[in-house]
Amino acid sequence: MFSEQAAPTAQGLLAPPSAEPPTFPRVPVLGYSDCSQPFQLGERSFSRQYAHIYAVRLAGMRPGLERRARSRWGSDVVLRKLSELQEGEKCCVVGTLFKAMQLQPSILQEISEEHNLVPQPPLPKYIQPSDELILEDELQRIKLEGAIDVQRLVTGTILAVYGSEQDDGRFLVEDHCLAGLPPPLPWDGPSSDRFVLLASGLGLGSVSGEALLSTQLLVDVVTGQLGAEGEQSCAAHIARVILAGNLLSQNTQSRDTINKAKYLTKKTQAASVEAVKLLDEILLQLCTSVPVDVMPGEFDPTNYTLPQQPLHRCMLPLASAYATLRLVTNPYQANLDGVRFLGTSGQNISDIFKYSSMDDYLEILEWTLQAGHISPTAPDTLGCYPFYKSDPFILTECPHVYFCGNAPHFQSKLLQGKEGQRVLLVTVPDFSATQTACLVNLRDLTCQPITFSGFGADSED
Amino acid sequence: EQQPRRITDSFPRRRRRRGPGRPPGRLRDKKDKDKVQVKVRDTPRTPSQPPPDPALLEMLRRFDLSWEYGPCTGITRLQRWERAQELGLSPPGPIRDALLEHRDNPDVTYRWVWDGVGW
């Protein structure tokens with residue numbers, strides 16, 4: 001582990017400097033390939049409806065789900081479409097889930113004059129006991145009841161249900177299954193210790209400057225300017241830094257420029273301008289020493305809908321002079337030294353959190369892997385580009401490291417699949433709130449948190 | 001009485017002459033607000049190709065309305081055919097041949113567009 005290697009050696013901080021200051025070269029980049037091409041949008045046309053993305057999602061995941069249904073309920077299980085259902089016959093149906101929620105914010109209800117509703121304030125969760133699940137396939141839809149957890153599932157999931165149609169027109173579910181873990185990728189990881197630092201939610205441009213000290217400490221540890229020779233030699237094993245979104249704080253998203261009159265806001269600068277300048281300086285310090293991948297997040301200056309496109313390099317003039325800076329999409333997928341990384345900045349997980357009874361970010365992360373889809377709630381409650389040819393959020397191969405950014409706490413788990421999949425699930429915490437980042441060891445897929453904090457006036461010594 | 005002279009008067013306003021090949025999409029001249037304008041979009045048809053027979057158009061319309069290949073709105077017929085091919089739904093080959101043969105004819109390549117008023 002990182003901390004064990006950095007344990008105090010004979011050469012501590014309270015020793016005279018050595019005659020020949022040792023140099024620690026950083027571990028070289030053995031293999032890197034970017035696999036986020038499906039998330040990069042070329043020409044963008046918004047004149048399409050979202051029916052296409054749901055149709056290709058169902059058509060793309062149907063074969064895998066039919067195979068899982070056969071292996072779970074017997075190879076002679078009857079697979080039916082909703083239009084072919086016969087009353088009382090036990091069969092299996094594959095379709096898209098829709099959860100009808102009373103509290104789901106609906107813009108049509110808000111602006112409807114006949115309802116005369118006050119706009120609903122944002123709630124942490126929109127689930128209610130009266131929610132209903134409806135299964136849709138290409139032509140019809142049917143209400144589900146029975147052995148299925150209505151509160152836990154969310155709209156947009158593709159699943160297979162086993163049961164029979166009742167005489168009142170509802171489908172009584174006896175068992176259901178998700179797509180399951182995708183097929184495993186061959187392992188080609190490094191044989192020596194090699195670390196990747198995952199951090200998210202730097203939150204630059206916020207009103208308080210307390211997190212700036214922690215951010216500077218993070219940069220100093222990674223560039224090897226902190227600690228004695230033990231810590232410096234460990235920092236040299238950090239091969240890459242991935243910043244998973246929300247580099248700017250939510251405070252930079254001021255709505256003043258929209259709400260106030262033009263003559264009042266003409267001379268004021270957007271808060272994000274100063275924040276991006278600060279980000280550029282921090283990235284410059286990092287890029288001179290280590291390859292950095294920057295993913296945009298919810299509050300960053302890029303497009304709103306998923307997949308978010310990379311930040312433009314004109315915003316970071318100092319740092320983009322270095323080839324070590326890579327501006328990447330959200331979600332991001334890449335092969336680092338033979339280990340496949342896949343992760344998002346957390347919008348998909350936090351959206352599922354709002355519409356499901358699952359409370360734990362790690363549990364939701366694992367659930368998306370089991371459901372075979374990075375973000376099932378897009379485009380229903382999470383903005384998404386209207387794809388028509390294929391759904392790039394379907395998981396076709398099982399990554400080795402699957403992470404999400406901007407989680408409330410750090411959590412990690414090594415998941416073992418039945419077909420030999422080994423996935424390290426990591427929820428990267430929000431750095432501006434927790435001052436914690438994660439170090440992933442590529443050799444044995446372990447992860448440990450690293451916290452940076454200074455001593456304040458009111459903290460204990 | 002005379003209107004006071006403005007700075008913009010030194011730049012004489014030239015009335016734009018509307019020719020037969022007027023490109024669509026220009027901002028309307030303010031003085032013509034009361035005149036009713038009907039914009040006519042001229043789609044050039046290549047005279048070299050013979051017009052497709054109604055049986056072909058009927059076959060294409062049936063391809064649009066068959067639910068197995070997914071929604072038909074907002075994408076061209078060729079895009080829909082290629083998507084169906086990639087998903088393994090085996091769309092009929094003659095349709096693709098017809099679409100490629102008449103690729104200059106907008107009635108054949110057709111893209112259903114929902115403009116909120118009607119089909």
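This structure is a prediction, so every number in the text was calculated from the model and none was measured. Chain identifiers are assigned alphabetically (A, B, ...) following the order of the sequence lines, protein sequences preceding nucleic acid strands; residue numbering begins at 1 within each chain.
Chain B is approached within less than 4.5 Å, heavy atom to heavy atom, by A:A59, A:G60 from residues 59-71 of chain A, ordered by number.
Every pair passing salt bridge (charged side-chain N to carboxylate O under 4.0 Å, His left out) that includes a residue from residues 74-87 of chain A is listed here, sequence neighbours excluded: A:R80-A:E89. Pairs passing the ring-ring contact (aromatic ring centres under 6.0 Å, His included) check and including a residue from residues 53-72 of chain A, sequence neighbours excluded, do not occur.
Heavy-atom distances place the side chain of A:L139, and not its backbone, under 4.5 Å from chain B.
Nearest heavy atoms, A:A55 versus B:P71: CB-CD, 3.5 Å. For the pair B:T73 and A:H52, the tightest heavy-atom approach, listed with the atom from each and the gap, is O-NE2, 2.6 Å.
In this structure, the separation between NZ on A:K389 and CG on B:L87 is 10.0 Å, given to the nearest 0.5 Å.
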Side-chain donor-acceptor contacts of residues 155-165 of chain A below 3.5 Å, not counting sequence neighbours, with atom names and distances?
from   : atom 1 : to     : atom 2 : distance (Å)
A:T155 : OG1    : A:K99  : N      : 3.1
A:T157 : OG1    : A:V154 : O      : 2.7

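Between the side chain of B:R83 and the backbone N or O of A:Y388, at least one donor-acceptor pair lies under 3.5 Å.
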